[in-house]
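Written below as structure tokens is the structure these notes are about.
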Amino acid sequence: DPDKMDSLRPEIFDFKGVSMSHYFTNNWENIQNFQARPDDILIATYPKAGTTWASYILDLLYFGQTSKECQTSIPIYERVPFLDIYTSEQSGVDLADKLPTSPRLIKTHFPVQFVPKSFWEQNCRVVYVARNAKDNVVSYFHFDRMNFVQPEPGDWNNYLHRFMEGKLVFGSWYDHVNGWWKKKPSYSKLHYMFYEDMIEDTGREIDKLCSFLGLSPSVEEKKGITDGVQFDNMKKNNMANYSTCTVMDFKISPFMRKGKVGDWKNHFTVAQNEEFDEDYEKKMKDSTLQFRTEI
Ligand code: A3P
């Protein structure tokens, strides 16, 4: 029912200095009081940076050998609960509390300052994935078109400017990637990855991830994982492609949309690109982070 779907679309408002929607603020107290366990692994991203990809890699690394049955019957968004979310249908905290697995893989889109303190106190491993701003905003635009628990995106030009102003859900991309990057020197259990590197050489990035996690999969197992997480395979995989998610309309845009570096070139006009670059320079001038917008 299209009207009912549209009624799910939330407003954006300022929450502690970050643009948010009520789906990710309503459970604030419970989220802040979440009790992490030392072996929990937090997967953190700005939305659309490759969360599902990283989640599925970790899921296969830990449970690919032992729980094949789960992999064919439980969607990734239930195996890797989204801590931040609270709707009439689901609560990330409840899902995480009920997770029977060890370790628990838990996903968040929060900026670093919103992460419940027990993750830091328990010295949990954290995997952060960042994606270049241009592809990230294009992906987010198509996602907001098809996902009814996100605000109406409006037209592309307006959307792009709201991204630049940090006015999309989960706030400023610039603050997000930099906030997490600045955490790295003081927190050794943070592994900072880039979407572009994963596209360039998935196997190499899985190796680096394994060395961070202290895992040593066999050659055969690693090959199985590398194959299983290729875009075309994940797109076909109903437990990884969100096709079971009822608040999304794949006729508008599929969750597994393109999976490329450089798709922004099909969206940005020359004028938009110049304005974006100029603004980007200013916003990122104090940052040591380097992104690739093509490979
Ligand atoms: P596009 O919209 O550019 O295609 P998230 O999981 O954080 O929501 O990110 C979704 C983005 O990651 C989408 O980008 C999606 O296609 C891409 N993605 C998901 N799985 C992927 C994979 N195995 N390889 C490459 N990109 C993938």
Side-chain angles (χ1 to χ4, degrees), residues 16-18 24 31-32 34 36-59 61-62 80 82-84 103-137 139-140 163 166 168 170-216 261 280-293 295:
K16 302 177 191 288
V18 181
F24 310 114
I31 293 172
Q32 290 308 305
F34 182 74
R37 300 179 196 149
D39 66 343
D40 285 347
I41 300 171
L42 189 66
I43 301 164
T45 57
Y46 189 77
K48 311 318 287 177
T51 330
T52 315
W53 197 3
S55 300
Y56 194 45
I57 292 172
L58 280 149
D59 182 57
L61 280 169
Y62 281 102
V80 183
F82 182 12
L83 190 68
D84 326 1
R104 298 186 296 186
L105 306 175
I106 299 170
K107 145 187 163 181
T108 184
H109 289 318
F110 281 152
V112 68
Q113 72 274 18
F114 282 8
V115 170
K117 64 178 187 317
S118 90
F119 283 99
W120 311 123
E121 289 166 355
Q122 298 294 329
N123 202 25
C124 297
R125 285 194 173 86
V126 182
V127 175
Y128 186 81
V129 186
R131 185 179 193 182
N132 82 77
K134 292 178 184 179
D135 284 323
N136 206 142
V137 61
S139 183
Y140 208 175
F163 177 89
L168 303 181
F170 291 105
S172 160
W173 173 93
Y174 311 86
D175 291 348
H176 207 283
V177 296
N178 282 310
W180 279 95
W181 183 247
K182 285 190 202 136
K183 182 82 185 172
K184 217 170 105 77
S186 64
Y187 192 75
S188 64
K189 293 266 189 95
L190 173 60
H191 183 62
Y192 201 106
M193 304 176 72
F194 294 91
Y195 180 91
E196 294 73 27
D197 293 347
M198 291 165 72
I199 290 278
E200 183 176 67
D201 190 339
T202 311
R204 179 192 64 205
E205 294 307 309
I206 292 178
D207 287 343
K208 286 202 254 172
L209 186 60
C210 285
S211 109
F212 167 71
L213 298 169
L215 299 176
S216 31
V261 179
Y280 187 94
E281 289 276 302
K282 282 186 210 141
K283 290 201 167 87
M284 299 294 280
K285 69 174 185 329
D286 296 326
S287 178
T288 54
L289 262 174
Q290 296 284 337
F291 285 92
R292 293 187 287 169
T293 54
I295 55 171

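The model shown is predicted, which means the values in this text are computed figures rather than measured ones.
Atom OH in Y280 sits 8.5 Å away from atom NZ in K134 (nearest 0.5 Å). Put simply, CG on D39 and CD on Q122 are 9.5 Å apart, with the number rounded to the nearest 0.5 Å. Atoms CD1 and CZ, from I106 and R37 in turn, are 8.0 Å apart once rounded to the nearest 0.5 Å. The CD1 atom of I41 sits 6.5 Å away from the CZ atom of R125 when rounded to the nearest 0.5 Å. Taken to the nearest 0.5 Å, the OG1 atom of T293 stands 8.5 Å off from the CD atom of E196. The NZ atom of K107 sits 13.5 Å away from the CG atom of L58 when rounded to the nearest 0.5 Å.
Y128 has its side chain within reach of H176: a pair of non-hydrogen atoms, C-beta onward, lies under 4.5 Å apart. The side-chain heavy atoms of D135 and F291, taken from C-beta on, include no pair separated by under 4.5 Å. No side-chain heavy atom of Y195 sits under 4.5 Å from any side-chain heavy atom of N132. Between R292 and D197 the shortest side-chain heavy-atom distance falls below 4.5 Å. Here the side chains of W180 and L190 are in contact, with some heavy-atom distance below 4.5 Å. Contact of the K208 side chain with the H191 side chain is registered, since non-hydrogen atoms from C-beta on lie closer than 4.5 Å. Looking at S172 and K283, their side chains never come closer than 4.5 Å, going by heavy atoms from C-beta outward.
Of all non-hydrogen atoms in L105 and S55, the two that sit nearest each other are CD1-O, 4.4 Å. The shortest non-hydrogen separation linking F170 to D84 is CE2-OD2, 3.4 Å. Minimum interatomic distance between M198 and A54 (heavy atoms only, all atoms of both residues): CE-N, 4.3 Å. Summarising the geometry of E200 relative to R204, their closest heavy-atom pair is OE1-NH2, 3.1 Å, with the distance given to 0.1 Å.
With respect to I57, the side chain to side chain contact (heavy atoms under 4.5 Å, CB included) criterion is satisfied by exactly one of I43, L209, V127: L209.
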**Message:** Evaluate W173 against L168 for side chain to side chain contact (heavy atoms under 4.5 Å, CB included), listing each step before the verdict.
**Reply:** CA-CA 9 Å; W173 173 93; L168 303 181; over 6 Å; no
**Prompt:** Does the side chain to side chain contact (heavy atoms under 4.5 Å, CB included) test come out yes or no for L42 and C124, once each step is laid out?
**Reply:** CA-CA 7 Å; L42 189 66; C124 297; 5.7 Å; no
Solution key, residues 46-53 side-chain donor-acceptor pairs under 3.5 Å, sequence neighbours excluded:
unit_1 : atom_1 : unit_2 : atom_2 : d
Y46    : OH     : G171   : O      : 2.8
T51    : OG1    : T45    : OG1    : 2.9
W53    : NE1    : V229   : O      : 3.0

Pairs under 3.5 angstrom only: tabulate donor-acceptor contacts from the side chains of residues 110-119 to other protein residues two or more places apart or in another chain.
unit_1 : atom_1 : unit_2 : atom_2 : d
S118   : OG     : F34    : O      : 2.8
S118   : OG     : A36    : N      : 2.6

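Under the 6.0 Å cut-off for aromatic ring centres, W120 and Y187 qualify, their centroids lying closer than that.
When the salt bridge (charged side-chain N to carboxylate O under 4.0 Å, His left out) test is applied to E121, no partner is found at least two apart in sequence or on another chain.
The aromatic rings of H109 and F82 lie perpendicular to each other, with more than 60° between the two planes, well past the 30° mark.
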